[in-house]
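The structure appears right after this line, and notes come after that.
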Amino acid sequence: MPELPEVQTIVSELNRKLKNKTIKSAAVNEPKMVSLGPRTVSNRRSVPARDVKVFIGLLKGRIILSVKRRAKLLIFDLSGQLAILVHLKMTGQFIFEDKRLRLLTGGKYKMFNNPGAPLVQLPGKHTHVVLTFTDGSHLYFNDIRKFGYMKLVREDELGSVKELQGYGPEPLGKKFTFNVFQSILSQRPKGKIKQVLMDSSLVAGIGNIYSDEILFHAKIRPARAVAGLTEKDIKAVYKYIPFVLKKAIAAKGSSVGDFVRSDGSWGQMGKFHFVYGRKGQPCKICGTPIETVRMNGRTGSYCPSCQK
DNA sequence: TTCAATGTTTAGAC
DNA sequence: GGTCTAAACATTGA
């Protein structure tokens, strides 16, 4: 899954393809991947068949007005005061297909295609929801690990639905000023800087990859405690958050080669990684082998020479 | 066979 | 409440 830059890329692509399309029908192959209303997504094992029926029934005939993003959550704005919230988690993926092209976004590309390889039949083994539009095109929602979900809500529930609450500011938004960042950090003085950056209730949308990359640029090790950072350190982190995220969006994300256009082109950001996924490989700046540190079940990668 | 993987949530310990 | 850890969710692939 995608972090903020990948989700943003997916949102842009889907918006282009899906805007003003009318849903002719919806099919749900895995009931636990869909839910309704303000209820939480925990305990999704037993989604009543009735809910699935309602989900399908409500989608029929809706027009997709736009696709938006909050943190790593996608929001499909539909006609009839409805919206679909979609979280892709680690391996969620959308594939849009019409007569002319197939567009893959997110997830693990190996699931379906390598560039240049013949297209695989859809829906596939891991296709959980299919939207069919009146023009004959399709949107497939795939997820190998099934951590993701689609949740149909009324527009008036958007303000109260649990999934949209408790997010910190968007790191590319106007409200994310240096003062705001400082006060966020002051809430977690004992926290490790990488974990604070990845905490979506503090700053929205930064995950494992980009927290590593941001801290590399800022020359700060991931496990450093917030309280031990100087003002200069904090300024560097603040500076490189938008720097790294914007660069990744410009490269169309694809942190781990998970984005393929119909022509087989790839998101390019993976080429620009300095530390993520480069354990043991030489630092691109100084040649020192990249090391890792385990924190809360996540791996942080850093250069022991460049980062202090 | 064992481990780690782009994320989030929850439970338990101190 | 703060903070930290592990586990759960499920599958793949190295």
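A note on names: the letters A, B, ... follow the listed sequences, proteins ahead of strands, and every chain is numbered from 1.
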Requested in this report: State whether the aromatic ring of Phe147(A) stacks on the base of dC9(C), taking stacking to mean ring centres under 5.5 Å apart and ring planes under 30° to each other.
Outcome: yes

Query raised in the report: In whole angstroms, how far is the C1' atom of dA5(B) from the NZ atom of Lys146(A)?
Result: 18 Å

Requested in this report: Could you verify whether a donor N or O on one side chain and an acceptor N or O on the other, from Lys125(A) and Asn142(A), lie under 3.5 Å apart?
Outcome: no

Query - Between dA4(B) (P) and Asp212(A) (CG): distance, integer Å - result: 16 Å

**Report entry** Minimum-distance nucleotide to His126(A) side chain [options: dA4(B), dT12(C), dT10(B)]
**Finding:** dT12(C)

Query raised in the report: Think Lys72(A) has a side-chain N or O under 4.0 angstrom from the OP1 or OP2 of dG7(B)?
Result: yes

Query - Nearest-angstrom distance, P atom, dT10(B) to dA10(C) - result: 16 Å

Query - Distance-only polar pair, side chains of Arg294(A) and Thr299(A), donor-acceptor under 3.5 Å - result: yes

Requested in this report: Kindly assign one of parallel, tilted or perpendicular to the pair His128(A) and His126(A), based on the angle between their ring planes and the thresholds 30° and 60°.
Outcome: perpendicular

Query raised in the report: Does a salt bridge link Arg224(A) with Asp233(A), judged by any charged N lying under 4.0 Å from a carboxylate O?
Result: yes

Query raised in the report: Cut-off 3.5 Å, side chains only: do Lys279(A) and Ser301(A) have a donor facing an acceptor?
Result: no

Query raised in the report: More 5' along DNA chain B: Tyr167(A) or Arg145(A), using each one's nearest nucleotide?
Result: Arg145(A)

Requested in this report: Before accepting this row, confirm whether a basic side-chain N of the pair Arg70(A)/Glu170(A) lies closer than 4.0 Å to the acidic partner's carboxylate O.
Outcome: yes

Requested in this report: Could you verify whether a donor N or O on one side chain and an acceptor N or O on the other, from Asp199(A) and Ser201(A), lie under 3.5 Å apart?
Outcome: yes

Query - Residue-phosphate contact under 4.0 Å: Lys125(A) side-chain N/O, dT12(C) OP1/OP2 - result: yes

For nucleotides 3-6 of chain C, print each protein N/O atom paired with a nucleotide N/O atom at under 3.5 Å, atom names and distance only.
{"residue": "dC4(C)", "atom": "OP1", "partner": "Lys190(A)", "partner atom": "O", "Å": "3.2"}
{"residue": "dT5(C)", "atom": "OP2", "partner": "Asn296(A)", "partner atom": "OD1", "Å": "2.7"}

Query raised in the report: Of the nucleotides dT11(C), dG7(B), dA10(C), which one has an atom closest to the side chain of Ile144(A)?
Result: dT11(C)

Query raised in the report: How far, in whole Å, is dA4(B) from dT5(C) if one measures between their P atoms?
Result: 16 Å

Requested in this report: Sticking with atom C1', work out how far dC3(B) lies from dA7(C), rounded to a whole angstrom.
Outcome: 16 Å

Report task. Using modelled atom types only, decide if a donor and an acceptor are shared between the side chain of Lys17(A) and the backbone of Glu97(A) within a distance under 3.5 Å. Result -> no

Requested in this report: Return the value, rounded to whole Å, for the distance between atom CG of Asp143(A) and atom C1' of dC9(C).
Outcome: 10 Å

Query - Any Lys162(A) side-chain N or O less than 4.0 Å from OP1/OP2 of dT8(B) - result: no

**Report entry** Nucleotide dA4(B), atom P - distance to NZ of Lys279(A) in whole Å
**Finding:** 8 Å

Query raised in the report: Under 4.0 angstrom, heavy atoms only, what part of the nucleic acid is Thr299(A) near: base, sugar-phosphate, or nothing?
Result: sugar-phosphate

Report task. Round to the nearest Å and state the distance from Met33(A) atom CE to dC9(C) atom P. Result -> 15 Å

Query raised in the report: To the nearest angstrom, how far is Leu88(A) atom CG from dA10(C) atom P?
Result: 18 Å

Requested in this report: Give me the ring orientation class for Tyr240(A) and His217(A): parallel if the planes are under 30° apart, tilted from 30 to 60°, perpendicular past 60°.
Outcome: parallel

Requested in this report: To the nearest Å, give me how far apart CG (Leu74(A)) and P (dT8(B)) are.
Outcome: 12 Å

Query raised in the report: For DNA chain C, which ranges pair as stems of 3 or more consecutive Watson-Crick or G-U pairs, with both donor-acceptor distances under 3.5 Å?
Result: B:2-5 with C:11-14, B:7-14 with C:2-9

Query raised in the report: Rounded to the nearest Å, what distance is computed from the CZ atom of residue Arg298(A) to the P atom of nucleotide dT8(B)?
Result: 8 Å

**Report entry** OP1 or OP2 of dA10(C) under 4.0 Å from side-chain N/O of Lys32(A)
**Finding:** yes

Report task. On the 0 to 90° scale, with breaks at 30° and 60°, tag the Phe133(A)-Phe96(A) ring pair as parallel, tilted or perpendicular. Result -> tilted

Report summary line: Among dT10(B), dT8(B), dT11(C), the one nearest any side-chain atom of His87(A) is dT8(B)

Query raised in the report: Quick one: do Lys72(A) and Glu3(A) make a salt bridge, cutoff under 4.0 Å?
Result: no

